[in-house]
Amino acid sequence: MPPILEVTNLTKRFGGVTAVNRVSLSLDAGRIYGLIGPNGSGKTTLFNCITGLVRRDAGEVRFKRRRIDGLKPHQVFHHGIGRTFQVIRVFPELTALENLMVVTTGDHARACRRAGELLRFVKIESLAGEYAGNLSYGQQKLLEFIRVLMTDPELILLDEPAAGVNRTLLNELLDAVRALRDRGKTILLVEHDMKVVMGLCETVFVLDHGEKLAEGPPGVIQSDERVIEAYFGR
Amino acid sequence: MNPFITPVMLGQVIISGLLAGSLYAMVALGLGLIFGVMRVLNIAHGPLLMLGAYVTFWLFSTVGLNPYLSLLVSMPLLYLLGMLLQRFLVRRVVDAPELSSLLLTFGVSIALVNVAQLAFTSDLRAVEYLTGSFVLGPFAFSKSRVIACAIAIAITVSAFLFLQKTRLGKAIRAVSQSREVAQVCGINVGRIHMIAFGLASALAAAGGSLVAVMVAIQPEMGQVYTFKSFLVIVLGGAGNYPGALLGGLLLGLIEQVSSLFLTTQVNEAVAYILLVLVLLVRPTGLLGGRAS
Amino acid sequence: MRRLGLAALAALAVVALALYPLEGTGYGVRVMLQLFMWIALAQSWNLISGLTGYVSFGHVAFYGMGAYSTAIVIVRLGWPWLPAALLGGAMAMVLALVIGWPCLRLKGPYFAIAMLGLNEVLRVAASYFEGLTGGGLGLSLPTLHASVPIYYAMGLTAAGVTLLTYVILTSRFGLRLMTIREDEVAAEAMGIDTHRYKLYAFLLSAVAPGIVGGLSARDQGYIEPISVFPLLMTITMIVMVLFGGKGTIWGPVLGAVLLFTFQELVWARFIYLHQLLFGAIIVTVVLLMPRGILGVLQQKYNLPRTI
């Protein structure tokens, strides 16, 4: 099986700062990957480069063997890559249901059914008609999460899913992520909560100053000297 | 159209362009200051300039005050008016979407024009003070334009030094870079906004007082300066204060040079076409400014 | 029951408006015709700016384009006024495509400035191409007494845009336009081709201004650059929408009716204070009711967006 996502020597500079420097990653289908690193190490920029929100300066991104670098974000989405944001970005003046409906075109009844399923999946079906802006932080987080699932993407990028979420909700989210993996989806998540990363991910990439520092199973990464140094300094 | 363009003519228009450009730069620095500090496009900037011109006209025709000395009255007056506008109106739309601030300042703008009509009627007024030209070799420069240019440069440079060197100026620049950070550093952002709006209005007033000697004064004279100032800050890059200076000179030059080839009417459109082109090709300004 | 009552009321209003020219005075018909024009303009501005949040600060450009296209084919080619006005709508759409394709990439205030600038370019162009447009002297159309048919055409246009707004607002297309207003980056990331959607909305918002521009050129019998490209007209449509409630269906209609009535009844008496009063109205609306009348009611009583 070829890798589902292949990033090769990806580089992004902002002015004089190299935010992502020749980073290469390879993701296999049906697994959960973690992306960690200190603040400002380039994790979100890497996400933005993969999803087309930021234009890369050099390097390649291949999804299912096809080049997707240089595509617009909406095109990348239609190739089958969905993402969430670090700061919640639901559409506040649309209802929860409408937030889901806008993601798909095509058959209305089917989209409605799918949206209903997803709302039940995260147990917020009673809030379908509520404006998203009126939902609690946690509910918005769930809404943003299921919005990605409307079109059933094969690769899902989650930017800090656990941030600001209480224990109960977090466990539900993590179960949902595992359930997706079991259905063959691939997940790449940026996360600061090490417990989450260690408990969930099968492979972890470490970024520091825009460069890939290490890669491996969580247990190995945890004891890697360079990683400890990057996080805690000499 | 003029098929016979001599080097002398070209030299003349370049110098005229720089003379006009220095005024544009000063006026646009004001608009750029407001945009940089609070992301508000002040459509009333031109009408504030118009008020400055009327202050000069009024002082000249009633007490015969030297138009250049009237700067000392028009600038503080408009500084005050600007602070009041900020305090009571603009403050409340700083964080709103751009539509609110555009509309609000447009409302202020037509109200100011109407006030001027009521106070001074719509008749064309003139301050007949310094007529005639300096002659230097083959070139001739109207005296009023040369003096206006000199004063504009002096004021712009002072404003610039103020922004660069003084504590208050640094605070203003800090707010225009990041309001949150400035706030954390103990800067009173509301006060900075008021001062910035006041300063900007004073710069517009200076422009008004200086053009009062050169052009006909009437209530609707201001609008075109609002547009030109937009263009200057787009050319220079929004939030880039040195950029505004160069943008002003550039606009003056372009306008004058293109006047050799185009009719006055079309020449007016050149500025606007340029505006749109620059926005499309380099939205951060020719000299690079802050991205939107 | 309530729905039925509303529908009956609406039907009654339509019948009354349709019969009005039979009884009304010539002056009355002209006034109503202008009201229809303002409804169509406000409603159109709402389509692009109320839904996507992109502030079209030179929307009168489409009105002017329609007015000139119509007047030119009437004067130079002898077209009848109805197809001429429809051509005005089509030309406005072409203009929207030419402007919108590049400019809708601009964000926030930059788009507003570009639209402002383009409107000025058009005004200058209208004076420049003298052979076609008559230049600064303007164009006089042959005399024709057609206020009553123009009244119907104007009314149909206003009703048409309102219906169009209803259709859009109740569709996923409309929701997708709103995601652009809410969060354009998230909309892109969720697979919405925002540029294309903005362009569609922009094209749709240009048609009616083009048609009513043509109709009022015919009705007034004379156009000149400054009369069909005034910034004040753009501002007036915006204030109408804001006052009534932007992003709703009936907000622009309500705003147009109220502001226009106010204009006819009050301003005519204070001609010297006209601008001052209008400035005060703008400031009041922006500061005190940025959501507009229907926006406030909608929030207070949790009404659907489709009011």
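It should be emphasised that the depicted structure is a prediction, and the values quoted were computed from it without experimental measurement. Here is how names work: the chains are called A, B, and so on, in the same order as the sequence lines, proteins then strands, and each is numbered from 1.
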Below 4.5 Å from any heavy atom of chain B, which atoms of [X] appear? Answer side chain, backbone, both or neither.
X	value
I281(C)	neither
I282(C)	side chain
L116(C)	side chain
P290(C)	neither
F57(C)	side chain

Got a donor-acceptor contact below 3.5 angstrom from the [X] side chain to the [Y] backbone?
X	Y	answer
N46(C)	P252(C)	no
S227(C)	E224(C)	yes
H59(C)	I238(C)	no
S100(B)	A96(B)	no
H193(B)	M83(B)	no

Quiz prompt | Largest heavy-atom contact set with chain C, pairs under 4.5 Å, which of L275(B), L103(B), V113(B) | solution = L103(B)
Quiz prompt | Residue among S109(B), G107(B), S101(B) with most heavy-atom pairs under 4.5 Å to chain C | solution = G107(B)
Of the backbone (N, CA, C, O) and the side chain (C-beta and beyond), which part of [X] lies under 4.5 Å from a heavy atom of chain C, both, or neither?
X	result
L277(B)	neither
I273(B)	both
L41(B)	side chain
L118(B)	side chain

Practice problem: Take the angle between the ring planes of Y54(B) and F120(B) and call it parallel below 30°, perpendicular above 60°, tilted in between. | Solution: parallel
Practice problem: Check whether any side-chain heavy atom of L169(C) sits under 4.5 Å from a side-chain heavy atom of M178(C), and report yes or no. | Solution: yes
Quiz prompt | Between V283(C), I235(C), L118(C), the one whose heavy-atom pairs under 4.5 Å with chain B are most numerous | solution = I235(C)
Practice problem: Using a cut-off of under 4.5 Å on heavy-atom pairs, state which of A125(C), C103(C), A112(C), G279(C) scores highest against chain B. | Solution: G279(C)
Exercise. For atom CE of M233(C), decide whether the heavy atoms of other residues, nucleotides or ligands shown that lie under 6.0 angstrom number more than 12.
Key: yes
Exercise. For residues F62(C) and F202(C), establish whether the separation of their ring centroids is below 6.0 Å.
Key: yes
